Novice: 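The structure that follows is given in the form of structure tokens.
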Amino acid sequence: MTRLSVNINKVATIRNARGGNVPDVLKVAMDCELFGAQGITVHPRPDERHIRYADVRALKPLVTTEFNIEGNPQPEFIKLVLEVKPHQVTLVPDAPDALTSNQGWDTIKHASFLKQVIAEFHQHGIRTSIFVDPIPEMARAAADTGTDRVELYTESYATRFFNNPEEAIAPFVETARAAYAAGLGINAGHDLSLDNLTYFVKHIPNLLEVSIGHALISEALYLGLQETIRRYLQALQ
Ligand code: PXP
């Protein structure tokens, strides 16, 4: 079964709007697990406008499922990940001022850099995943970096899904096939929601994990967190 990792950045964004500790990010993470989520994802950015580095440190002893830290492997981020030692680090080439992750790695152009940081994470026993666009060559070249997994960047799927689901999914099927053939595990994320998740999971075999934040937290405003997570788990079955 594909595992659900809840990205709690949005919860931190709401908290940061008032400067206090409401909502309590740590409690939300633990409740997500209580409600059945199989992982917690955080994406610390250099300006800490969403999750903060201190949150990531505080989460480490509390998270009992899989802890996944995403981000651009710049020196401060690498230092944090090596200190916290999550189960998985997902490498994302996002610029510091990007509103959200907006592209996958060019795994050919950045091969030597990726190889070097992946080796460092592996030395500390941390599984690695590389965020990639739905392009088979990018998945194949990702395998040459030594990474364990790729995370398929699903924004284009989500955007095109309502008009033409078959066309929207096609590049993801091809890229997932290429990744699997190259021996990589497959994760996916960005703009996945209760509306588009079932179709995605149905068409991408061997999908190990999805990380979902924005839609899940937005849907929870109407459904509540427990019911929302229940529906995601059902969609993933
Ligand atoms: N994967 C990566 C690499 C991301 O940067 C994000 C957003 O921070 C997600 C997945 C989750 O995207 P969303 O918040 O749209 O569910």
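Not measured: the values here are computed from a predicted model. Here, residue 1 is the first one in the sequence, and each next residue gets the next number. Remember, it's 1-based here, ligands and their atoms both numbered in the order they're listed. Just the heavy atoms: all of them, side chains too, but no hydrogens, waters or symmetry mates, feed the values below.
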Novice: Heavy-atom distance to atom 8 (O) of ligand 1: which of V42, V6, N7, I212 wins?
Specialist: N7
Novice: Only heavy atoms of V92, strictly under 4.0 Å: list the atoms of ligand 1 that pass.
Specialist: 3 (C)
Novice: What protein heavy atom lies closest to atom 5 (O) of ligand 1? Include the residue and the distance to one decimal.
Specialist: S101 OG, 2.4 Å
Novice: What part of K10, side chain, backbone, both or neither, has a heavy atom within less than 4.0 angstrom of ligand 1?
Specialist: neither
Novice: Number the atoms of ligand 1 from 1 as they appear, then name those within less than 4.0 Å of a heavy atom of E151, with their elements.
Specialist: 1 (N), 2 (C), 3 (C), 10 (C)
Novice: If the contact criterion is a heavy-atom separation under 4.0 Å, does N9 count as touching ligand 1?
Specialist: no
Novice: As a quick check of understanding, evaluate side-chain hydrogen bond (donor to acceptor under 3.5 Å, both in side chains) for Q88 and E209, giving each step before the final call.
Specialist: CA-CA 11 Å; Q88 176 174 269; E209 180 182 303; 3.1 Å; yes
Novice: Under a 4.0 Å heavy-atom limit, does H214 contact ligand 1 with its side chain, its backbone, both, or neither?
Specialist: both
Novice: What residue among I186, T128, L184, L208 forms side chain to side chain contact (heavy atoms under 4.5 Å, CB included) with R149?
Specialist: L208
Novice: Using heavy-atom distances only, which candidate in H50, H190, E155 approaches atom 9 (C) of ligand 1 most closely?
Specialist: H190
Novice: Show me the pairs that pass salt bridge (Lys or Arg N to Asp or Glu O under 4.0 Å) and involve residues 179-207, at least two apart or across chains.
Specialist: none
Novice: Among protein heavy atoms, which sits nearest to atom 16 (O) of ligand 1, and what does the distance come to when rounded to 0.1 Å?
Specialist: G213 N, 2.8 Å
Novice: Side-chain donor-acceptor pair under 3.5 Å between T90 and N68, yes or no?
Specialist: yes
Novice: Checking side-chain polar atoms at under 3.5 Å, does R45 have a donor or acceptor matched by the opposite partner on N72?
Specialist: no
Novice: Pick whichever of N72, T90, N68, D191 has a heavy atom sitting closest to atom 15 (O) of ligand 1.
Specialist: D191
Novice: When you check the gap from the basic side-chain N to the acidic O, do R160 and E167 get nearer than 4.0 Å?
Specialist: yes
Novice: What protein heavy atom lies closest to atom 2 (C) of ligand 1? Include the residue and the distance to one decimal.
Specialist: E70 OE2, 3.2 Å
Novice: With a 4.0 Å cut-off on heavy atoms, does S211 reach ligand 1?
Specialist: yes
Novice: State, to 0.1 Å, how close A178 and R140 come at their nearest heavy-atom pair, and which atoms those are.
Specialist: CB-NH1, 3.6 Å
Novice: Which ring-ring contact (aromatic ring centres under 6.0 Å, His included) pairs, counting each pair once, include a residue from residues 1-53, with sequence neighbours left out?
Specialist: none
